[in-house]
2 protein chains.
Amino acid sequence: MADHSADQEAWASALHSHGRRVTKQRLAVLAAVQHNPHSPAEGILAAARKDLPELTAQSVYVVLSDLTDLQMLRRFEPPHSPALYETRVGDNHHHAVCISCGRVEDVDCAVGHAPCLTPHWDEHSKPMTIQIADVLYQGICQDCQAKQQLPTQTQVTTK
Amino acid sequence: MADHSADQEAWASALHSHGRRVTKQRLAVLAAVQHNPHSPAEGILAAARKDLPELTAQSVYVVLSDLTDLQMLRRFEPPHSPALYETRVGDNHHHAVCISCGRVEDVDCAVGHAPCLTPHWDEHSKPMTIQIADVLYQGICQDCQAKQQLPTQTQVTTK
DNA sequence: GCACTTATTATGAGTCCTTCACAATAAGGC
DNA sequence: GCCTTATTGTGAAGGACTCATAATAAGTGC
């Protein structure tokens, strides 16, 4: 167990710099997200309640969305899954999710700091000024590959 | 109004090839998605009901998810939005959403057929076998840029 | 340190999107 | 045309998240 108070102070000053009050709820949520990256609100609630049992789910939702707006947290929504949160922000990394078990891995940007930031628009579309390019990789993690020694590797979606 | 029956037959044979029965509900949903790309289930229901008023929302959900599994439709979920559907499948294109108005544009793949398909894993992650790489661009479309001649271009999220 | 103001949190209910269980219907093979 | 069974319709339920309001407590000034 490393020096928690150092983290606490870092979070506190970050909150201050955004004009937010430093509450134990926010610190608990931040710590929970830090120690459980890629967790949904429910998981963050469970983790934070170990330190702060009276914390409510609604507070977690409020805190998470506020801190996400402040860019102190990053939120992403894999298909068929509730939103996941992480403290790793500002480094333009991406995510890979296992379509079998749902496990999530971070993927560093392969193309520098702004991957694929120059879309080639198709004919009929009105271009946009792109600010973010999120890449979501989907595949099968090694664990799941080992478990299901697939008989056929082609799609077996014939119902 | 082009030749609808041609489309109908194409959908019908596609359904057959997947072992599905050809029903007016499925055809209505497929036509609705084709004519309203990037529509949510509710919008597809509304569009399909113009041809088939007795169609129910639940049927639309069932049909959409089944056809998505069959890869006859493609589904994607922008942040803070219900799932959107389109008939353009198998061409590995991506999407750009306007963070202001929610408008969605197709973006052709900038890097050939498999963009960014070779993630650089960070140190601690177990690599996965990547099958899909979805890119979600977020920005501001021209219309919204024109409407809000932003006074400050930095973030005004100080509440 | 002690009020006081107001941001935050807790409480409770409500919304939206989607799915489930089961009965009614109809597509397609015979 | 009939029969089997996939599909659809009906009605209700579930999960994830948000909203309105009251209670609480951070941070400010005295």
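Computed from heavy atoms alone, side chains included, the values below leave out hydrogens, waters and symmetry copies. Residue numbering restarts at 1 for every chain, and letters A, B, ... go by the order of the sequence lines. None of the values given here were measured: they were computed from a predicted structure.
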So, OP1 or OP2 of D/dA26: does either fall under 4.0 Å of a side-chain N or O from A/His16? no

Distance check, rounded to the nearest 0.5 Å: [X] atom [atom1] versus [Y] atom [atom2]?
X	Y	atom1	atom2	result
B/Trp11	B/Arg20	CH2	CZ	15.0 Å
B/Met72	B/Leu67	CE	CG	5.5 Å
A/Arg88	A/Asp106	CZ	CG	4.5 Å

How long is the line joining [atom1] of [X] and [atom2] of [N], in whole Å?
X	N	atom1	atom2	value
B/Arg20	C/dA26	CZ	C1'	17 Å
A/Gln8	D/dA26	CD	P	13 Å
B/Leu52	D/dT7	CG	P	16 Å
B/Asp66	D/dA6	CG	P	12 Å
A/His18	C/dA7	NE2	C1'	17 Å
A/Asp69	C/dT8	CG	P	13 Å
A/Leu84	D/dA16	CG	P	11 Å

Test log, rule side chain to side chain contact (heavy atoms under 4.5 Å, CB included), inputs B/Ile44 and B/Leu64: CA-CA 9 Å; B/Ile44 293 163; B/Leu64 286 175; 3.9 Å; yes

B/His16 meets the ring pair (Phe, Tyr, Trp, His ring centres under 6.0 Å) criterion, sequence neighbours left out, with none

Those residues that, when tested against B/His38, pass ring pair (Phe, Tyr, Trp, His ring centres under 6.0 Å) (two or more places apart): B/His95

Strictly by side-chain hydrogen bond (donor to acceptor under 3.5 Å, both in side chains), give each pair with a member in residues 49-62 of chain A just once, sequence neighbours left out. A/Thr56-A/Ser59

Nucleic acid contacts of residues 23-36 of chain A, taken as heavy-atom distances under 4.0 Å to DNA chain C: A/Thr23, A/Gln25, A/Arg26

Contact string for nucleotides 11-23 of chain C, one letter per nucleotide 5' to 3', B = base within protein heavy-atom range under 4.0 Å, S = sugar-phosphate only, - = neither, reads BBB---SBBB---

If you check every side-chain atom of B/Arg21, which of C/dT6, C/dA26, C/dT9 has the closest atom? C/dA26

Under 3.5 Å, sequence neighbours excluded: what are the donor-acceptor pairs made by side chains of residues 22-32 of chain A?
residue: A/Thr23; atom: OG1; partner: A/Arg26; partner atom: N; Å: 3.1
residue: A/Arg26; atom: NE; partner: A/Arg21; partner atom: O; Å: 3.1
residue: A/Arg26; atom: NH2; partner: A/Arg21; partner atom: O; Å: 3.3

Testing the basics here: between B/Ala83 and B/Glu77, what is the closest heavy-atom pair and its distance to 0.1 Å? CB-CG, 3.9 Å

